[in-house]
Amino acid sequence: DGIIHSKAFRRLKHKTQVFLAPRGDHYRTRLTHTLEVSQIARTIARALRLNEDLTEAISLGHDLGHTPFGHAGEELLNELLPEGFKHNEQSLRVVDILEKEGKGLNLTHEVRDGILKHSKGMGPILCEDERDKPLTLEAEVVRISDVIAYVNHDVDDAIRAGLIQVKDIPKDVLSTLGNTHAQRINTLVKSVIRATKESNYKRVCLEEEKLRALLKLREFLFEKIYF
């Protein structure tokens, strides 16, 4: 509740997801991205019988520290600030220090840990380094839901903007994940649920074929849109 009622959460509505000040109401912002991540993560958490409230809180807070101009703003601040800048660390600073005039939101250790450790960039989607691994399975759900959300909605926005067409997406990605936005999310969500159960809850993971397709789709986006 504290995150939703915070000023930082409201500011997400004017922060860039991919397109700077797009013309049209249908392009994603950081706010709509956050809500999509939250819904995907809650669906997975519910199916796996994890703590849905914890999952939702991490989801809603994960991008509060993003700059107005997305990763471009993050890269520039990282160059300008002597100690560097990472949006996940800034998200934690927002909820710990900046909100409520320095009092912070008094979040639990598990929520704070999940916010700090959600970020991947071009790195592994699944936690391979123990130092990057969050404390809870709920945080791992958010980490993977973040990728599922942005890869799919950024494809959707790029098609809407005329940057790419569906036929530009690698055919093996479409055949594995699906031809529509809804099909791709559905395929990936079900894959996470199946693979995590099969791992006996050792970690939140994806089936190998689906993970390869998701990585290929992310590479396609970086090459054709982000860069």
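Just so you know, these numbers come straight off a predicted model, no measurement behind them.
- S38 contributes no side-chain N or O that, together with a main-chain N or O of T34, makes up a donor-acceptor pair within less than 3.5 Å.
- Counting heavy atoms from C-beta on, the side chains of K216 and R212 never come closer than 4.5 Å.
- Here the OG-NE2 distance, from S91 to H118, works out to 6.0 Å after rounding to the nearest 0.5 Å.
- Across V141 and A45, no two heavy atoms sit closer than the pair CG1-N, 4.4 Å.
- Here the CD1 atom belonging to I40 is positioned 13.0 Å from the OG1 atom belonging to T55, to the nearest 0.5 angstrom.
- E110 pairs by the side-chain hydrogen bond (donor to acceptor under 3.5 Å, both in side chains) definition with nothing, not counting sequence neighbours.
- Taking Ile, Leu, Val, Met, Phe, Trp and Tyr as hydrophobic and joining them when side-chain heavy atoms fall under 4.5 Å apart, one finds L77 in a cluster with L81, F85.
- Looking only at side-chain heavy atoms (C-beta outward), Q183 and L177 stay at 4.5 Å or farther from each other.
- Here R46 pairs with E52 under the side-chain hydrogen bond (donor to acceptor under 3.5 Å, both in side chains) rule; sequence neighbours left out.
- Using a 4.5 Å cut-off on side-chain heavy atoms (C-beta onward), D63 and H87 make contact.
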Test log, rule side-chain hydrogen bond (donor to acceptor under 3.5 Å, both in side chains), inputs E74 and T67: CA-CA 6 Å; E74 184 174 13; T67 60; over 6 Å; no
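- Residue H14 places its NE2 atom among 12 or fewer non-hydrogen atoms of other residues, nucleotides or ligands, all under 6.0 Å distant.
- Other cluster members for I58: I3, I4, F9, L12, L31, L35, V37, L54, L60, L64, L92, V94, V95, I97, L98, L105, L107, V111, I115, L116, V142, joined by side-chain heavy-atom distances under 4.5 Å among Ile, Leu, Val, Met, Phe, Trp and Tyr.
- Legend: residues meeting side chain to side chain contact (heavy atoms under 4.5 Å, CB included) with D157, ordered by chain and number and at least two apart, are F19, Y27, R28, R160.
- To the nearest 0.5 Å, atoms OG1 (T187) and CD (E207) are separated by 10.0 Å.
- Between the side chain of T196 and the backbone N or O of Y201, no donor-acceptor pair lies under 3.5 Å.
- The shortest side-chain heavy-atom distance between N179 and V166 does not fall under the 4.5 Å cut-off.
- With sequence neighbours excluded, no residue satisfies side-chain hydrogen bond (donor to acceptor under 3.5 Å, both in side chains) with R11.
- Residue L80 is found in a hydrophobic cluster whose other members, listed by chain and number, are L76; membership requires side-chain heavy atoms under 4.5 Å apart, directly or through intermediates.
- For K103, the side-chain hydrogen bond (donor to acceptor under 3.5 Å, both in side chains) test picks out no residue, with sequence neighbours left out.
- Residues satisfying the ring pair (Phe, Tyr, Trp, His ring centres under 6.0 Å) criterion with H33, sequence neighbours excluded, are H62, H153.
- With D168 contributing its side chain and Q165 its backbone, the two residues share a donor-acceptor pair below 3.5 Å.
- No donor-acceptor pair under 3.5 Å is formed between the side chain of K7 and the backbone N or O of E99.
- Within a 6.0 Å radius of CD in E101, no more than 12 heavy atoms belonging to other residues, nucleotides or ligands are found.
- When atom types are taken as modelled, the side chain of D113 and the backbone of L135 share a donor-acceptor pair closer than 3.5 angstrom.
- In this structure, the side chains of N88 and K117 stay at 4.5 Å or more apart for every pair of heavy atoms.
- A donor-acceptor pair is defined here as one N or O able to donate and one able to accept, closer than 3.5 Å; such a pair exists between the side chain of T32 and the backbone of T29.
- Nearest heavy-atom pair, R184 versus N152, reported as atom, atom and distance to 0.1 Å: CB-OD1, 3.2 Å.
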Between side-chain atoms of residues 219-227 and protein atoms elsewhere (two or more places apart, or another chain), which donor-acceptor pairs fall under 3.5 Å?
residue: Y226; atom: OH; partner: D154; partner atom: OD2; Å: 2.5

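- A side-chain donor-acceptor contact under 3.5 Å links N51 to the backbone of D53.
- You'll find the side chain of R218 reaches within 4.5 Å of the side chain of Y150, heavy atoms only.
- The SG atom of C205 sits 8.0 Å away from the CD atom of E198 when rounded to the nearest 0.5 Å.
- What you find for A41 and S145 is that their closest heavy atoms are CA-OG, 3.3 Å.
- Within the structure, side chain to side chain donor-acceptor pair (under 3.5 Å) pairs that include any residue of residues 134-144 do not occur (at least two apart or interchain).
- Taken from CD1 in I125 to CG in L214, the straight-line distance is 4.0 Å, to the nearest 0.5 Å.
- Looking only at side-chain heavy atoms (C-beta outward), Q39 and E36 stay at 4.5 Å or farther from each other.
- With sequence neighbours excluded, the residues that form a side chain to side chain contact (heavy atoms under 4.5 Å, CB included) with H5 are D1.
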